[in-house]
Amino acid sequence: MSDILEKILTTKKEEIAVLKQMRSEIDLLAEANARNDVRGFANALISTIHRKENAVIAEIKKASPSKGVIREDFNPIEIATTYANNGATCLSVLTDRTYFQGSPDYLRQARASCSLPVLRKDFIIDPYQIINSRALGADCILLIVSALSDAQLNELEAATLELGMDALIEVHDHTELERALNLKSPLIGINNRNLRNFEVSLDNTIKLLNDIPTDRVVITESGIHTHDDITLMNEHNVYGFLVGESLMRQEDPGKGLALLLGKS
Ligand SMILES: O=C(O)c1ccccc1NCC(=O)[C@H](O)[C@H](O)COP(=O)(O)O
């Protein structure tokens with residue numbers, strides 16, 4: 001595990017302990033079950049990708065450990081609306097406060113302002129966070145293989161599916177991919193960013209592709225900047241994308257998305 005990931009997970013454990021003091025799991029579960037409003041995240045991606053159309057999970061991300069503050073003028077409602085109006089298939093919202101300047105409120109606000117399915121982008125290590133994610137309105141959560149044991153992956157995936165949500169399983173190398181393929185989730189995210197040194201290479205997706213069975217759907221994550229990057233991935237039969245920084249740096253992130261998709 002990288003140093004930054006270890007640091008993030010240590011903070012996360014402390015934050016979860018505080019949250020558990022504030023609200024019991026039973027109480028939170030009642031709220032999560034009462035919502036009954038899951039939007040099909042995996043289905044939205046899979047149906048688009050099966051038509052060989054580009055499916056973008058457009059990310060709402062104010063800052064990151066590798067880049068610091070990415071966007072000063074930050075309004076999650078406006079960003080979600082312009083993403084939805086410009087061809088996003090799903091949204092991803094960073095909810096981690098300490099390292100990404102995110103907030104659970106951003107997820108609530110973004111989801112309420114459009115009809116797209118939403119990924120809660122955070123560092124999930126405890127079933128409490130899964131219940132909390134559904135109570136917030138998340139339709140999908142992220143499970144980072146390098147941050148979790150096989151037992152944790154199984155437990156967290158089961159809790160996610162139990163609440164009707166989807167899980168995006170994130171890998172960076174072959175060993176992690178093998179572990180991800182033991183899970184049920186169809187969505188495999190290949191992170192092009194090395195969390196040890198923050199280097200980004202789209203070759204990472206291309207390297208791992210041949211080992212992914214056809215019943216799984218590949219989402220290439222991080223470092224997608226231009227329409228040429230999309231074209232390169234399409235040449236390798238990849239139609240699923242998770243894009244944050246390059247869109248968030250545009251004055252209108254939705255117009256940036258349209259440009260990325262070659263639609264304007
Ligand atoms: O973005 C980071 O610096 C980062 C550092 C440590 C852990 C995770 C990190 N990023 C999370 C992500 O997965 C990205 O936000 C996502 O893939 C979008 O990447 P990008 O388009 O390059 O913003």
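Ligands are counted one by one from 1 in listed order, and the atoms in each one are counted from 1 as well.
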Ligand 1 and G244, any nitrogen or oxygen pair closer than 3.5 angstrom? yes
Hey, which of K12, K61, K7 is the one that makes salt bridge (Lys or Arg N to Asp or Glu O under 4.0 Å) with D96? K12
Distance to 0.1 Å, residue and atom name: give those for the protein heavy atom nearest to atom 9 (C) of ligand 1. F100 CZ, 3.6 Å
Protein residue, atom and distance nearest to atom 17 (O) of ligand 1, heavy-atom basis: S222 OG, 2.7 Å
List ligand 1 atoms under 4.0 Å from V243, heavy atoms only on the residue side. 21 (O)
Could you give all pairs that pass the ring-ring contact (aromatic ring centres under 6.0 Å, His included) test and reach residues 58-116, with sequence neighbours left out? F74-Y106, F100-F123
Can you check side-chain hydrogen bond (donor to acceptor under 3.5 Å, both in side chains) on E170 and N191, steps first, answer last? CA-CA 7 Å; E170 179 178 299; N191 200 345; 3.1 Å; yes
Is it the side chain, the backbone, both or neither of F198 that has a heavy atom closer than 4.0 Å to ligand 1? side chain
Does either side chain, that of N33 or that of R134, offer a donor lying less than 3.5 Å from an acceptor on the other one? no
Separation of I46 CD1 from T89 OG1 (nearest 0.5 Å): 12.0 Å
Note the single closest protein heavy atom to atom 7 (C) of ligand 1, along with its residue, its atom name and the distance in Å. L195 CD2, 3.5 Å
Can a salt bridge be assigned to the pair E59 and K121 using a cut-off of 4.0 Å between side-chain N and carboxylate O? yes
Is it the side chain, the backbone, both or neither of I4 that has a heavy atom closer than 4.0 Å to ligand 1? neither
Got a donor-acceptor contact below 3.5 angstrom from the D173 side chain to the T175 backbone? yes
For ligand 1, the portion of E59 having any non-hydrogen atom under 4.0 Å away: side chain
L242-ligand 1 polar pair, N/O distance under 3.5 Å: no
Short N/O distance, under 3.5 Å, between R193 and ligand 1? yes
Atoms of ligand 1 less than 4.0 Å from S66 heavy atoms? 1 (O), 2 (C), 3 (O)
Atom 11 (C) of ligand 1: which protein heavy atom is closest, and how many Å away? K121 NZ, 3.6 Å
Tell me, please: is S246 in heavy-atom contact with ligand 1, that is, under 4.0 Å? no
Considering all heavy atoms of both residues, which atom of G40 and which atom of P117 are nearest to each other, and what is their separation? O-CG, 3.6 Å
For S64 and E245, test the side chains for any donor-to-acceptor distance below 3.5 angstrom and give the result as yes or no. no
If hydrogens are left out, which of K61, R196, E245 has an atom nearest to atom 1 (O) of ligand 1, that is, the closest non-hydrogen atom? K61
